[in-house]
Structures are given as C-alpha cells and as structure tokens.
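Data block below; observations after.
The figures here come from the full heavy-atom set of this structure, side chains too, leaving out hydrogens, waters and symmetry mates.
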Amino acid sequence: MAIAKYCLVAVDCPDPQALAGFYAAVLGGEVKNDDEDWYDLRVPGGARIAFQRAPGFRPPDWPRADQNSQQMHLDFDVPDIEAAQAQVLALGATPLDVDDDDGKRGFRVYADPAGHPFCLCREEEDRTHE
C-alpha cells in the first residue's frame with residue numbers, strides 16, 4: 001500500500017512566471033499562479049509542475065556531483081529530437097550535452113532558462129543516463 005500520493009514537482013528558480021512559461025511552451029498545458037512567488041503548470045495528461053521563487057538561486061553545475069550537485073532533472077519524450085532541439089533552443093534553453101553519437105544515444109541534455117538540466121529523449125528509449 002502506498003504511503004503517499006504524487007502531487008507535483010516543485011522547481012526553485014529566480015523568476016517563476018518566466019520559467020512556467022518556458023515549460024508551458026515546451027509541454028503545453030495551462031499556467032496558473034497563487035501569487036508572484038508560485039506558479040503551477042498543469043500539463044496535458046494531468047501532471048503538475050510548480051515553480052517557486054528562490055532568492056539567491058544558483059543553478060546546478062551539471063554534471064558535477066560535488067558542492068553544487070545536480071538535484072534533479074526532467075526527461076521529455078519527443079518524436080523528432082532535431083525539431084524539438086530547435087524549438088527548445090529558440091525558447092531559451094542552453095545545450096549542455098547534445099552529442100548523441102549520431103543517434104546511438106537516445107537523449108540530449110539542455111538547461112532551462114534558470115539553469116536546471118532537462119533531457120529530450122527519443123520516444124521509447126531507455127532512460128538510463130545522468
């Protein structure tokens with residue numbers, strides 16, 4: 001029996017409205033806010049991602065695992081990784097590791113505008129990666 005029920009992922013950032021807008025452009029869905037420090041994105045299918053203002057926020061140094069280690073990352077399945085890459089870059093993402101070995105590796109790593117790592121994954125690929 002489960003102890004808890006999944007509710008959301010909360011992402012710390014310096015500008016929650018802007019970051020919620022970035023992910024709404026990537027995933028679709030509807031952005032709502034409780035106040036200027038908290039925005040929710042409800043994506044198609046029912047998942048919820050929240051974005052909260054974090055004063056003094058400093059993005060992780062991907063892929064380091066020392067003092068400022070990566071705390072989490074998000075994976076997104078895409079049917080066409082080239083087209084998806086062009087779109088997220090146009091939205092303000094930064095490439096971190098996009099050498100997918102000519103398609104042999106099923107994912108590419110980016111940072112969102114606040115510096116959080118996320119991956120674009122070819123649909124149906126194994127998610128065994130950093």
Side-chain angles (χ1 to χ4, degrees):
M1 177 176 204
I3 295 171
K5 178 180 160 188
Y6 172 80
C7 177
L8 62 85
V9 170
V11 180
D12 291 347
C13 59
D15 185 345
Q17 181 178 16
L19 199 57
F22 171 83
Y23 281 105
V26 171
L27 299 171
E30 183 178 357
V31 175
K32 294 186 176 184
N33 72 308
D34 291 336
D35 61 48
E36 66 181 26
D37 293 330
W38 185 278
Y39 284 74
D40 282 331
L41 171 61
R42 293 192 182 267
V43 299
R48 182 174 155 210
I49 305 172
F51 304 89
Q52 74 177 359
R53 187 175 317 279
F57 172 79
R58 190 177 85 185
D61 294 326
W62 184 90
R64 291 173 44 185
D66 56 8
Q67 295 175 347
N68 189 28
S69 68
Q70 173 182 324
Q71 300 300 309
M72 61 122 201
H73 72 266
L74 303 170
D75 282 2
F76 305 120
D77 285 341
V78 295
D80 181 340
I81 203 163
E82 294 296 334
Q85 174 174 291
Q87 292 171 314
V88 298
L89 293 176
L91 291 168
T94 302
L96 295 177
D97 180 4
V98 295
D99 180 7
D100 63 0
D101 195 20
D102 292 322
K104 293 177 187 165
R105 187 179 79 173
F107 65 93
R108 296 179 185 175
V109 185
Y110 307 84
D112 68 26
H116 302 101
F118 70 93
C119 297
L120 296 180
C121 305
R122 286 184 177 80
E123 288 182 340
E124 313 264 338
E125 293 290 336
D126 179 13
R127 296 301 183 296
T128 308
H129 63 275
E130 295 181 14

Heavy-atom closest contact ([X] atom, [Y] atom, distance):
X	Y	answer
C119	F107	SG-CD1, 4.3 Å
A93	Y110	CB-CB, 4.3 Å
P113	G92	CG-O, 3.9 Å
P117	P60	CD-CG, 3.7 Å
D40	A50	OD1-CB, 3.3 Å

ask   = Between V78, D80, V109, which is the residue that forms a side chain to side chain contact (heavy atoms under 4.5 Å, CB included) with L120?
value = V78

key: Connected via hydrophobic side-chain network under 4.5 Å: V11 and W38   = no

ask   = Quick one: do V43 and L91 end up in the same hydrophobic cluster if we chain Ile, Leu, Val, Met, Phe, Trp and Tyr together by side-chain heavy atoms under 4.5 Å apart?
value = yes

query = Does R53 use its side chain to pair, donor to acceptor, with the backbone of E36 at less than 3.5 Å?
reply = yes

I need the [X] [atom1] to [Y] [atom2] distance, nearest 0.5 Å.
X	Y	atom1	atom2	answer
Y23	C13	OH	SG	9.5 Å
F51	D15	CZ	CG	11.5 Å
L19	D12	CG	CG	10.5 Å

Donor-acceptor pairs are to be reported for all side-chain atoms of residues 95-102 against protein atoms at under 3.5 Å, with residues two or more places apart or in another chain.
from : atom 1 : to   : atom 2 : distance (Å)
D97  : OD1    : R105 : NH2    : 3.4
D97  : OD2    : R105 : NH1    : 3.0
D99  : OD1    : D101 : N      : 3.1
D100 : OD1    : G103 : N      : 3.2
D100 : OD2    : R108 : NE     : 2.9
D100 : OD2    : R108 : NH2    : 3.0
D100 : OD2    : R122 : NH1    : 3.2
D100 : OD2    : R122 : NH2    : 2.8

message = For a side-chain contact (heavy atoms from CB on, under 4.5 Å) check, start with the C-alpha distance between I49 and L27, then their side-chain angles and the critical distance, and finish with the verdict.
response = CA-CA 11 Å; I49 305 172; L27 299 171; 4.0 Å; yes

task = Just jot down the ring pair (Phe, Tyr, Trp, His ring centres under 6.0 Å) partners of Y39, sequence neighbours excluded, or say none.
result = none

